[in-house]
Amino acid sequence: MTDIASLRPLAAVAVPAVAAVAILASGRRPNVREGWTILAAASTLALVASMVPGVLAGDTYVTDLGAFVPLGNGSVDFVLQADALGLLFGLLASLLWLVTSFYSIGYMRGLDEHAQTRYFASFAASVASAVGVALASNLLVLFVFYELLTVATYPLVSHDETAEARAAGRKYLAYTFGGGVAVLAGTVLIYVLAGSISFTPGGIEGLATADPTLGRAAFALLATGFGVKAALMPVHSWLPDAMVAPTPVSGLLHAVAVVKSGVFGIARVVLEVFGPDTVSNLGVGVPLAAVAAFTLLAASVIALRQDNLKRRLAYSTVSQLSYIVLGLGIGASMGGDAARYALVGGLLHIPAHAFMKLTLFFCAGAIHVETHTDDISDMAGIGKRMPLTMAAFGVAAAGMAGIPLVAGFVSKFYLLIGTASGGAVAFTVALLVSGVLNIAYFWPVVYQAFFESETPDGHDRKPLIENPLGGRSAVAADGGERNGGSNQHGATSGRPLADSDGEYAVDRNPSDHTRPGELETDTGETVDREHEEREGRDDHHVDHADHDHHHHGGPPAGGWERRSWLGGEGSWFVVAPILTAATGSVVLGLVPGRAVFLQLVEYVVSAATVVGVFA
């Protein structure tokens, strides 16, 4: 391995950071503002991608900014480095930022969202922080960018500025800053034990001979701190609550940056701080895998009960992230080929899940922009209104369930082979059961979209979940009690009871539940945008007269209008990113050997498993 001094790692972090400033300065010129967004996203991707060939050839690109924290005769240096594991995350974040940037333009303009300049600037700052996390060379530098990522994403989580959005933002800060404190404490303990906090393939040498009790404590602190953003139970609840944010933000949270920074941090700890051999000797890998197994099963069961599409996808994310952590934990606890298969499966699920989940959230956002429909119970027959969108949803959902020819199958197959051949049968069973649960909560959405009619005479029930879990026929799909009312087709609403003032939670979120022509006031009243003062605003309105603005959720009177597969279901700023993300999911499933992500994963695992029980 050769270290090459280069400014490219620094530039990859600096470009989106500078773009955030340029976006803020261009607020009164929306086209220029969004031009900066696209230019920065493309430049960041080009910078990161340019380092991939060299890294696969054994080089590491390093930007050394000198001493960061002086410590006696030594110091902790502020160094950015592009190694294989860092580029796995950095390439994913920069690639999907470009895709999400186009989608954001269509989504935010389609809903005439407020504070669009703040949104795009915060998005750029978030990606800068995520790339910084990816390219950090030691735990302290990673911690700095990890915390900056929390700060940068807070305005996105609380974008709606409603009481519920602010509450979700406060919860997000409390959880993630709390996790950051655990990471910092673990970092200090690692330095005390080993005298180094730099990432080293196979682990920091001094930790192998350190006090085992303190070593386990340091591992627990780091795993817990990064586990917050990885949404491991019981520190997961911030993630579903953050669904009040606009859908592109949900994509950022679930696929591009935030949760991936959590699992990436755990990967660094397992592979390059402790190393698989030390993790195995300390006996901490199996407990980590056990927490992940519990999380992936419990979150899948909870997802079954969610009627709001974004919340179902949120709990799906909680479950799917645990596949990654399970692979890392159990892979580091076994030796030989079984360990390598499990580790490859866990790491490969990082890009696989990213492409599939981004597709799913993009679809949910497109459905909302075009039809203002957010609840699964209102989506019967919507496939004929949005055929491309729902077809892409079906492809990504199949991959999430581990169906062949889509990315999720490849990563989960590696995990199954690794756990089964290594004798970890309980984890193999957990993976298989979770796959069945994935089918159970995704299939009803696809079935309802394409095989149910929205007309009163043709509407039928979802075949896999005839009655709610728990045996109470009065329980709604999202866990609330049915109010006994009926929708326009005579079917029971399926929403939870309203709160004390008669308002549903889903009706309090302007981004995902207020019509494009309206704003929601602090008192819950709806006012027409046309009567607002527009002079001096940093945002502008794009007319989407083709949207179904005459109703609020569910099919309009007379049923869904049939649209062509060749267009007509929405802006191509929205549809094209959906198809791009879905295509990425299929490519990773059809030709994984030619996909650069698998090559990076195999390089990482080979470098981390060359000593000890893995030799």
Side-chain angles (χ1 to χ4, degrees), residues 19-20 22-42 96-124 126-127 155-156 159-161 244-252 256 310 358 361-374 386 388-389 509-520 527-550 563 567-581:
I23 289 167
L24 288 172
S26 306
R28 294 182 181 275
R29 303 175 65 186
N31 290 334
V32 175
R33 173 190 67 200
E34 286 150 21
W36 281 120
T37 299
I38 299 300
L39 178 61
L96 295 186
W97 181 33
L98 179 60
V99 177
T100 307
S101 294
F102 284 102
Y103 181 88
S104 293
I105 294 170
Y107 183 93
M108 300 299 282
R109 290 193 182 192
L111 290 181
D112 193 23
E113 276 283 357
H114 74 288
Q116 291 186 31
T117 297
R118 183 185 67 195
Y119 167 88
F120 283 105
S122 297
F123 216 120
S126 299
V127 175
L156 298 172
H159 175 84
D160 287 346
E161 301 179 18
V244 300
T247 300
V249 176
S250 300
L252 170 74
V256 180
K310 282 180 65 178
L358 196 65
F361 270 108
F362 279 180
C363 291
I367 292 169
H368 174 71
V369 169
E370 291 299 314
T371 72
H372 316 304
T373 301
D374 304 295
M386 305 189 72
L388 278 175
T389 298
N509 307 326
S511 286
D512 284 333
H513 306 291
T514 300
R515 282 176 281 187
E518 300 172 342
L519 277 175
E520 190 175 2
V527 296
D528 193 342
R529 278 188 191 268
E530 296 297 332
H531 298 291
E532 286 193 282
E533 180 64 43
R534 293 181 176 271
E535 184 176 355
R537 288 183 57 195
D538 67 348
D539 307 319
H540 64 291
H541 174 67
V542 175
D543 186 21
H544 284 244
D546 197 34
H547 297 174
D548 298 316
H549 289 170
H550 57 282
R563 296 294 177 92
E569 61 187 81
S571 165
W572 280 102
F573 271 100
V574 172
V575 176
I578 291 174
L579 298 180
T580 301

side-chain hydrogen bond (donor to acceptor under 3.5 Å, both in side chains) filter on T389, not counting sequence neighbours, yields E569
Nearest heavy-atom approach of P246 to M108 is CB-SD, 4.5 Å
Distance col, row W36:CH2 vs N31:CG, nearest 0.5 angstrom, shows 14.0 Å
Checklist entry - Would a distance-only check, ignoring hydrogens and angles, find a side-chain to backbone donor-acceptor pair under 3.5 Å from H159 to V244? => result no
Item to check | Audit row: H368, K310, side chain to side chain contact (heavy atoms under 4.5 Å, CB included) steps and yes/no | outcome: CA-CA 10 Å; H368 174 71; K310 282 180 65 178; over 6 Å; no
Of all heavy-atom pairs linking L98 and A42, the shortest is CD1-N, 4.0 Å
L388 and V575: CA distance, side-chain angles, deciding distance, side chain to side chain contact (heavy atoms under 4.5 Å, CB included) verdict: CA-CA 8 Å; L388 278 175; V575 176; 4.2 Å; yes
For T100 and P248 the tightest heavy-atom approach is CG2-O, 4.2 Å
Exercise for the section: Output, in order, the C-alpha distance, side-chain angles, deciding distance and verdict of side chain to side chain contact (heavy atoms under 4.5 Å, CB included) for W572 and F102. Expected result: CA-CA 9 Å; W572 280 102; F102 284 102; over 6 Å; no
The reported gap from CG in L24 to OG in S122 (rounded to nearest 0.5 angstrom) is 7.5 Å
Heavy-atom closest pair (A41 atom, S101 atom, distance to 0.1 Å) is CB-OG, 4.0 Å
Smallest heavy-atom separation, A19 atom then A40 atom, equals CB-CB, 3.3 Å
Separation between CD1 (I105) and OG1 (T37), nearest 0.5 Å, reads 6.5 Å
Residue set satisfying side-chain hydrogen bond (donor to acceptor under 3.5 Å, both in side chains) with S104, at least two apart, ordered chain then number -> Y119
Between the CG atom in D160 and the NE2 atom in H114, the distance rounded to the nearest 0.5 Å is 6.5 Å
For the pair Y103 (side chain) and F362 (backbone), establish whether a donor and an acceptor sit closer than 3.5 Å, ignoring hydrogens and angles.
-> yes
When rounded to the nearest 0.5 Å, the distance separating CD1 of I367 from CE of M386 is 6.0 Å
Value for OG1 (T117) from CZ (R29), rounded to nearest 0.5 Å, stands at 12.5 Å
